[in-house]
Structures are given as structure tokens and as C-alpha cells.
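One-based numbering, in listed order, for ligands and for the atoms of each. The basis for the numbers below is simple: all heavy atoms, side chains too, and nothing from hydrogens, waters or symmetry mates.
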Amino acid sequence: MACLLWTVSVSFLVLASMVMSTAPKQAVDVPFSRNYQPTWAYDHIKYYNDGKEIQLLLDKYTGTGFQSKGNYLFGHFSMDIKMVPNDSAGTVTAFYLSSQNNEHDEIDFEFLGNRSGQPYILQTNVFTGGKGDREQRIFLWFDPTKAYHKYSVLWNMYQIVFFVDNVPIRVFKNCKDLKVKFPFEQPMKIYSSLWNADDWATRGGLEKTDWSKAPFVAAYKSFHINGCEASVNDKYCETQGKRWWDQKEYQDLDADQYKRLKWVRKKWTIYNYCNDRSRYPTMPAECKRDRDI
Ligand SMILES: *[C@@H]1O[C@H](CO)[C@@H](O)[C@H](O)[C@H]1NC(C)=O
Ligand SMILES: *[C@@H]1O[C@H](CO)[C@@H](O)[C@H](O)[C@H]1NC(C)=O
């Protein structure tokens, strides 16, 4: 905690990177199997570097995926991913948090592949109490297939922030005052998967997966988790008082982070449900906060 308070006094830029490295005070290169396990098609996951690095394979028979062993209520979660290179059209690589019940909560990153040389789309979504339909889509300012980049979620009582490296690309504020549900009591597991979605992913399903290019490979490392672990029926996390993620500096973005978010809005955003009047003649309530960005 001393370290966290200290960061307040340093520059915003340093602060932004400190925020994201708060958790990595623990070892950054945690082996995959410490906190995660395969979900299906175990033979389509390959392990490297003492299990600190893995690859997911997609071929015409199956994709694959993995999930956290634990359930978490609030915290900071990230992984470094190198997306499927070259012709990845039709493939989707996802990294998301989800609770496992009917009126579920979910926080989604979905990376939609493309033909060689064409840009990936990063689609994000937030489900609260079973309600989603809150898509935002951006292009990335780098080629996500050339190197590892860090994708992370900060989730606390005040906001859900999506980060790409240290850039906040989306904020979902707690708008309970506007009668919008916010995830605060259902623990979530962390998931990732690589699968074929050529019925919708690339240009609305126009581009099909080219199976002659299979297997498609996405690589992962730095499986970082710093959250409150809870069993699904346990109220532990709610009653333990404030955790680091609820401290003042995480309740809102700082000025520099807002500047970066605006930059993403202006230069990289290609779709925002908040601005889609044909789909939502009446602006969804939480979008009032979104508009202020
Ligand atoms: C991707 O394309 C590059 C050249 O464009 C090639 O060197 C590389 O082997 C290809 N990778 C895969 C996985 O096919
Ligand atoms: C793929 O590239 C095309 C052409 O540049 C672009 O219109 C499209 O948005 C890109 N992404 C996806 C997922 O279709």
C-alpha cells in the first residue's frame, strides 16, 4: 500500500504504468497452470518455457480455451497475447470475465481476425444482470500479431476499465444512480479462447476462414491476477473492507488517462453503441456518462 500512495506524487505517465504494475509486484511470469486450466480440447494447447507461455491452436476440427481455477470479485486481471498472424480472417480470440449464472455479468475483449495485412478489430462488451448489447469496436494503433501486448481489466465498485497496454480504451462507470445494473456481487472466472466465427466476425461474415492456413495460433504469457478470490456463494470479498482497487486513485481515471481515452475515441473507434441511434433511438442510460468522455 505504501507503494501505491507513493505513486500519487509522481507524474501521471509514471502513475499510469505504476497502476498497471501494482499487481505484478508478485512474479510477472506466473506459470499458466498456477491459476488457469484448459476448458476444452486440451490437445490444442501447447506449453513452452516451463509452462509460462502457451499457444492456443485452431484447426477445422476445433478451437480451444482455458479458464481460471478461481472465481474473483473485483481486482486487476491481465495477460499478454500475440494474436493469430497473417491470414486470421474468421477467427476470434477472446479474453473475458464472466459469472456462471442466468443473469450473468461479463466483461469482454474479442479480437476479430482479418485477411493478411488487414487490421484486426477489438470489440468490447459489458453484460450486467444478463443484459449486454453494449458493443464498442476499435482498430488498434499497432499490429497485434507482431509482438505481445498486454490486455487488462480493472474492476472495482466504481468502474470497469479496459486497458490495451497502459491505454484505457473503455470505461464502464457504476451508474447505479441511473438504474443501470453494475457487477458487484457475482464472482467471475477469467476465460480465454480461440475459435472459428466466420459466420459473423470478419466484415459481418463475408470473409470465410481459409482452412488451408490452419492451424491458427495465438500465443499467451504473463497470466496475472490480483483480485479477491471467492467461491460463488461466498460474500467474503464484500465484507473484507476496501482493497487496493477501491482506493481513491482507482475510482476514476486521472487526467492523463482521460486524455488517452479521448485519443482512442477520436482516432481509433469505429463503433460505439452509445452513438447508434438506429439501434437505440433512446440513448441507453449509462451512455450519459460515456458522453462526458
Ligand atoms: C506469416 O507471413 C510471414 C511473411 O509474410 C511468414 O514469414 C511467416 O512464416 C508467416 N507465418 C505463419 C504462421 O504462417
Ligand atoms: C478487415 O479489413 C477490412 C478492410 O480493411 C475492414 O473493413 C474491416 O473492418 C477489417 N476487420 C474486420 C474484422 O473485418
Do Phe77 and Phe95 have their ring centres less than 6.0 Å from each other?
no
Under 4.0 Å to a heavy atom of Leu112 - the qualifying atoms of ligand 2, by number
13 (C)
Logged contact type for Thr202 with ligand 2, heavy-atom cut-off 4.0 Å, is both
Check each heavy atom of Phe111 against ligand 2 and say whether those closer than 4.0 Å belong to the side chain, the backbone, both or neither.
neither
Answer yes or no for Gly113: is there a heavy-atom contact with ligand 2 below 4.0 Å?
yes
Show your reasoning for whether ring-ring contact (aromatic ring centres under 6.0 Å, His included) applies to Phe111 and Tyr120.
CA-CA 7 Å; Phe111 300 88; Tyr120 263 73; 7.1 Å; no
For atom 5 (O) of ligand 2, the closest protein heavy atom turns out to be Gln118 OE1, 2.7 Å
With ring centroids as reference points, do Phe74 and Trp155 lie under 6.0 angstrom apart?
yes
Might you confirm whether atom CG of Asn102 has over 12 heavy atoms from other residues, nucleotides or ligands at distances under 6.0 Å?
no
With heavy atoms of Arg203 as the reference, note each atom of ligand 2 found under 4.0 Å away.
14 (O)
In the protein, what heavy atom is nearest to atom 9 (O) of ligand 2, and what distance, to one decimal place, separates them?
Ile121 CD1, 3.5 Å
Worked verdict on Phe162 versus Phe109 for ring-ring contact (aromatic ring centres under 6.0 Å, His included)
CA-CA 8 Å; Phe162 295 74; Phe109 280 98; 5.2 Å; yes
Enumerate the atoms of ligand 2 whose separation from the nearest heavy atom of Pro119 is less than 4.0 angstrom.
1 (C), 2 (O), 5 (O), 10 (C), 11 (N)
Taking it one step at a time, do Leu253 and Val171 satisfy side chain to side chain contact (heavy atoms under 4.5 Å, CB included)?
CA-CA 9 Å; Leu253 300 185; Val171 179; 3.4 Å; yes
Atom 8 (C) of ligand 2: the protein heavy-atom neighbour that sits closest, reported with distance to 0.1 Å:
Asn114 ND2, 3.8 Å
Between Asp165 and Lys150 (salt bridge meaning N to carboxylate O under 4.0 Å), is one present in this structure?
no
Using non-hydrogen atoms of the residue, decide whether Phe139 is closer than 4.0 angstrom to ligand 2.
yes
Is the closest N or O pair between Tyr120 and ligand 2 shorter than 3.5 Å?
no
Name the residue from Thr124, Asn272, Asn125 that meets the side-chain hydrogen bond (donor to acceptor under 3.5 Å, both in side chains) definition with Gln136.
Asn272
